[in-house]
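Contents: one structure, followed by commentary.
So that the names make sense, note that chain A is the first sequence line, chain B the second, and so on, each numbered from 1. Just so we're clear, the structure is a prediction, and the values are computed from it rather than from any experiment.
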Number of protein chains: 2
Amino acid sequence: MTITEVSKKFDLSQDTLRYYERIGLIPSVNRNKGGIRDYTDEDLKWIEFIKCMRGAGLPIEVLIEYVTLFQQGDATTQARKELLIEQRQQLIARMEDIKKTLELLNYKIESYENSVAIIEKDLKR
Amino acid sequence: MTITEVSKKFDLSQDTLRYYERIGLIPSVNRNKGGIRDYTDEDLKWIEFIKCMRGAGLPIEVLIEYVTLFQQGDATTQARKELLIEQRQQLIARMEDIKKTLELLNYKIESYENSVAIIEKDLKR
DNA sequence: ATAACACTTAGAGTTAACTCCAAGTCAAGA
DNA sequence: TCTTGACTTGGAGTTAACTCTAAGTGTTAT
């Protein structure tokens, strides 16, 4: 699969895909005779995983570490697991923040609804 | 209340507090005779609100717009309400992303648990 | 064969959100 | 009086995560 196809499939710019590869956020992609990237299914799996994690806000640095550990083989499974558990904790905390903020937003929006209602009542007088 | 006290109360650096004021993210704070900031309860309310919103990731630009609208008075209540509704939408979307990612993380962690279990079984042979 | 186009690399530039720094002011204590 | 320390301002520097540019190569359509 070419970079153009991958870019469309995942809605990531070609620049971003090359950048991710350059910094080691995805394992390096094979080139064909002409030196052009040819993504394998394995590569696509990585991209999907990384895109999901980035979408939730996991830092690139942490994800690079995960990929690096992965490439070091079976000796690092424990470390990888711990890394994921740590990130899960962070995500749960983020979710709590968002929930709290959503409640406050709901409350504020409701009060705006009430005050708008009052203004409208005023207009009808 | 002095900037030191506010900084401690909300766990925001003095630099951040001054920065927020400078860019109009909080309405400007009164100074005493010596030119030193003296935060009112009203100011604290704003800081608490902004801190909550920033904690959930609302962009500074949007929050500045909200503060600006607020300072323009009652004519902007409708616009402010719409702004909050829009941001609520965004937050709900963020939350969905995080939920999806949490599920994937849970699944991955579980598989690491299983593979570790297998390794341990191997060791016992 | 030549033009058009997608691709390559290395490296510079951008954006958001701080964070730090320098130079200066002012009140309070030794 | 002198020094200490918290504060002031304006502006420069930093970090993360892209995003863009330039210069060059290789494949395809006319």
Open item on the list: Once ring pair (Phe, Tyr, Trp, His ring centres under 6.0 Å) is applied, do any residues pair with Tyr66(B), and if so which ones, sequence neighbours excluded?
Closed with: Phe49(B)
Open item on the list: Checking Glu86(A) now: which residues fulfil side-chain contact (heavy atoms from CB on, under 4.5 Å) with it, not counting sequence neighbours?
Closed with: Gln90(A)
Open item on the list: If I take atom OH in residue Tyr19(B) and atom P in nucleotide dG10(D), what distance separates them, rounded to the nearest angstrom?
Closed with: 16 Å
Open item on the list: My understanding is that only residues two or more places apart in sequence, or in another chain, count here; which of them pass salt bridge (Lys or Arg N to Asp or Glu O under 4.0 Å) with Arg80(A)?
Closed with: none
Open item on the list: Check whether Ser111(A) reaches the backbone of Tyr107(A) with its side chain - one donor and one acceptor, N or O, closer than 3.5 Å.
Closed with: yes
Open item on the list: My understanding is that only residues two or more places apart in sequence, or in another chain, count here; which of them pass salt bridge (Lys or Arg N to Asp or Glu O under 4.0 Å) with Arg31(A)?
Closed with: Glu21(A)
Open item on the list: Between Arg37(B) and Asn30(B), is there a side-chain donor-acceptor contact under 3.5 Å, judged purely by atom types and distance?
Closed with: no
Close N or O pairs between protein and nucleotides 20-27 of chain D (under 3.5 Å):
unit_1  : atom_1 : unit_2   : atom_2 : d
dC20(D) : N4     : Asp15(A) : OD1    : 3.3

Open item on the list: Surrounding CD of Glu61(B) (heavy atoms of other residues, nucleotides or ligands, distance under 6.0 Å), is the total greater than 12?
Closed with: no
Open item on the list: Tell me whether Ile36(B) shares a hydrophobic cluster with Leu44(B), the cluster being built from Ile, Leu, Val, Met, Phe, Trp, Tyr side chains joined at under 4.5 Å.
Closed with: no
Open item on the list: If I take atom CZ in residue Arg37(B) and atom C1' in nucleotide dT8(D), what distance separates them, rounded to the nearest angstrom?
Closed with: 7 Å
Task: Of residues 86-100 of chain B, the positions that come close to DNA chain C - non-hydrogen atoms, cut-off under 4.0 Å - done: none
- [ ] Could you tell me from which nucleotide to which nucleotide of DNA chain C, 5' to 3', there is an atom under 4.0 Å from chain B heavy atoms?
- [x] dA17(C) to dC20(C)
Open item on the list: Tell me the interatomic distance from Arg18(B), atom CZ, to dG11(D), atom P, rounded to whole angstroms.
Closed with: 16 Å
- [ ] With sequence neighbours left out, write down each residue that passes ring pair (Phe, Tyr, Trp, His ring centres under 6.0 Å) with Tyr19(A), or none if nothing qualifies.
- [x] none
Open item on the list: Working to the nearest 0.5 angstrom, can you tell me the gap between Leu91(A) CG and Leu102(B) CG?
Closed with: 5.0 Å
Task: Pair listing, side chain to side chain donor-acceptor pair (under 3.5 Å) test, anchored in residues 40-55 of chain B, at least two apart - done: Thr40(B)-Asp43(B)
TODO: Answer yes or no: are there more than 12 heavy-atom neighbours, outside Asn32(B) itself, under 6.0 Å from its atom CG?
DONE: yes
Open item on the list: Pairs counted only when both distances fall under 3.5 Å, Watson-Crick or G-U: show me the 5' to 3' dot-bracket for DNA chain C, [ ] for pseudoknotted crossings and | for other-strand partners.
Closed with: ||||||||||||||||||||||||||||||
Open item on the list: My understanding is that only one of Leu63(B), Leu58(B), Ile60(B), Leu12(B) makes a side chain to side chain contact (heavy atoms under 4.5 Å, CB included) with Ile50(B); could you say which?
Closed with: Leu63(B)
- [ ] Whole angstrom is fine here: how far is it from CD in Glu21(A) over to P in dC18(D)?
- [x] 15 Å
Open item on the list: Minimum heavy-atom separation for Thr76(A) and Gly73(A), please, with both atom names.
Closed with: OG1-O, 2.9 Å
Task: Set of residues satisfying salt bridge (Lys or Arg N to Asp or Glu O under 4.0 Å) with respect to Lys99(A), sequence neighbours excluded - done: Glu96(A)
Open item on the list: Within residues 40-59 of chain B, which residues have any heavy atom lying less than 4.0 Å from an atom of DNA chain D?
Closed with: none
Task: Thr16(B) vs Ile3(A), nearer the 5' end of DNA chain C by closest nucleotide - done: Ile3(A)
